[in-house]
Amino acid sequence: MSRIALVDVNNCYVSCERLFRPDLLNKPVVVLSNNDGCVVARSAEARALGVVMGMPWFKLKGFARQHSIVALSSNYPLYADMSNRIMSLLSTYSARQEVYSIDECFLDLTEHGHAHLTEYAQTMRSQIAKWLGLPVCVGIASTKTLAKLANHVAKKQPLWRGVCDLTTLDKSALDALLAEIPVSAVWGVGQQHTQALIKLGIVTVRDLRDADGPFIRKRFSVVLERTVQELRGVICLSLGWDSCAKQQIMSSRSFGRSVYTFADLAEAVTVYVTRAALKLRQQNSLAGAIQVQIKTNPHQLKAPQYNPSIIVPLSRPSADTLMLNAVAVHGLGQIFQPGYAYVKAGVMLLELLPETRAPIDLLADIEHATRRTTLMHTMDRINGKYGPNAIGAGVAGMSERRDWMMKQGQKTPNYTTRWSELAVVHAA
DNA sequence: TCTGGGGTCCTAGGACCC
DNA sequence: TCTGGGGTCCTAGGACCC
């Protein structure tokens, strides 16, 4: 039988912030989404006060002041850097690792032998705590879905001391445990499914595990039927341990204020294309098409709404920022209408293919293409060294003009990724 | 004049995840 | 006044072909 572990950082963003702000330990802390929009992470203390994930910050503000909740803007460079460190440390614990998100990964421990997995996982926890100062929980089981569930149990039930290995339970103990957990805790069961399942009398994880597979498939989908199988210990989701290339790359942001003009939107689109194209080159891919979208504020019910998008194919696949940008801005021109208050724009790179599989264009000017590729690499190197906006496409504008950029009122410094913002130790 | 069915490809949209 | 940003996979339905 296989053994899969799911390792997950507790309250990841809050824990990262606390590393450099030990004064925040034991205090209610929340981290806000881009634009300081809503809550995306909360400490145990904030959760205990009733702060819900996704709560808009403007609604929470008064309550937060009353209860001395500390709110921070999200600091993704810091979280990404800590994530890289933790993932590389965890990779030493298994030959097979699937990095599933910024704060969690699966490890295949099948080859490790079954006897001492709990101790092995405890070793991981203490090494991560000691080297990086971050708290993690570990769930172990025979499938990914069960490992996610085990992780949930490890977090919720203190008696497991941060590591829950479901394979150590006998059948009746496992049945009893699964009968305590609401079906909504299962990976792949969201709000819609939860409500529909409850109506059918499927309320606990145990109910779902024991539900009729073909019925679930018919009433819901093959996806949920796979989940049922996985809960029974049948592997349907295999471990993807190669960091495979993304199939689409997106870059979008809400603005700090409403935007009305084509010029401002074009400037934003150029910034997003620049960011997306960099990611594209980093995974050595080319894009065959680019989608541009702009949006008005959906929460502003009385204001006129306009949320167009357009997909523009490229004449030939490319990773050239300037080329992609020209196409994107042209696409923007097709959908832009004056007279609306736009609050968000985004671009998506589509039809990605590996650089190596680029079609050969007999009519292309090889010398020109090579120069452009060199230009892109040079640009990436300069931006890598001097900051992401050191040089870019012409329309991107200078930062002082970009007053539409997102609001980040409470951002902590880039403690680990910028020399100028390193934490400083003061001698007593 | 009458008339069919199977297959593929693409797209939009929905559900889910963190 | 102020409500995130990335992703994945699947399905249904239409267009088109033979």
Sugar-phosphate, base or nothing in reach of [X], heavy atoms under 4.0 Å:
| X | value |
| --- | --- |
| A:Lys246 | sugar-phosphate |
| A:Phe220 | nothing |
| A:Val31 | nothing |
| A:Ser74 | nothing |
| A:Gln248 | base |
| A:Ser254 | sugar-phosphate |
| A:Asn297 | sugar-phosphate |
| A:Arg275 | nothing |
| A:Leu224 | nothing |
| A:Trp187 | sugar-phosphate |

Who does C:dC18 pair with, Watson-Crick or G-U, both distances under 3.5 Å?
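Matched C:dC18 with B:dG5 under the 3.5 Å cut-off.
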
Identify the heavy atoms of A:Val30 and A:Ala46 that sit nearest to each other, and give their distance.
CG1-CB, 4.0 Å

If you only use heavy atoms from C-beta on, which nucleotide in [options] is closest to the side chain of [X]?
| X | options | value |
| --- | --- | --- |
| A:Ile249 | B:dC17, C:dG7, C:dC9 | C:dG7 |
| A:Tyr76 | C:dG4, C:dT3, C:dC10 | C:dG4 |
| A:His193 | B:dA15, C:dT3, B:dC18 | B:dA15 |
| A:Ser101 | B:dC18, C:dC10, C:dG5 | B:dC18 |
| A:Glu104 | C:dG4, B:dC18, C:dT3 | B:dC18 |

Between [atom2] of [N] and [atom1] of [X], the distance in whole Å:
| X | N | atom1 | atom2 | answer |
| --- | --- | --- | --- | --- |
| A:Ile311 | B:dT11 | CD1 | C1' | 8 Å |
| A:Glu98 | B:dC18 | CD | P | 13 Å |
| A:Ile102 | B:dC17 | CD1 | C1' | 15 Å |
| A:Gln293 | B:dG13 | CD | P | 12 Å |
| A:Arg219 | B:dA15 | CZ | C1' | 13 Å |
| A:Asn34 | B:dC18 | CG | P | 19 Å |
| A:Lys218 | C:dC10 | NZ | P | 21 Å |
| A:Glu225 | C:dT11 | CD | P | 11 Å |

Between [X] and [N], is there a side-chain N or O to OP1/OP2 distance below 4.0 Å?
| X | N | value |
| --- | --- | --- |
| A:Lys279 | C:dG7 | yes |
| A:Gln300 | C:dC2 | yes |
| A:His299 | C:dC2 | no |
| A:Asn35 | C:dT3 | no |
| A:Arg253 | C:dG6 | yes |
| A:Lys344 | C:dG5 | yes |

Does A:Glu225 use its side chain to pair, donor to acceptor, with the backbone of A:Arg217 at less than 3.5 Å?
no

Checking A:Gln293 side chain against A:Pro308 main chain: does a donor-acceptor pair fall under 3.5 Å?
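Side chain of A:Gln293 to backbone of A:Pro308: no pair is present.
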
A side-chain contact here means heavy atoms from C-beta on lying under 4.5 Å apart; do A:Met82 and A:Asp103 qualify?
no

If you pin A:Phe255 and A:Ser221 to their nearest nucleotides in DNA chain C, which one's is more 5'?
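Residue closer to the 5' terminus by nearest nucleotide: A:Phe255.
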
Want to settle it: does A:Asp36 or A:Ser251 sit nearer the 5' end of DNA chain C, counting the closest nucleotide to each?
A:Asp36

In terms of side-chain heavy atoms, does A:Thr417 have a donor or acceptor partner in A:Asp81 at a distance below 3.5 Å?
no

Under 6.0 Å from the CD atom of A:Glu111, do we count more than 12 heavy atoms belonging to anything else shown?
no

CD (A:Gln66) with more than 12 external heavy atoms under 6.0 Å:
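Counting other residues, nucleotides and ligands, CD of A:Gln66 exceeds 12 neighbours.
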
Between C:dC18 and B:dT3 - P atom distance, rounded Å:
23 Å

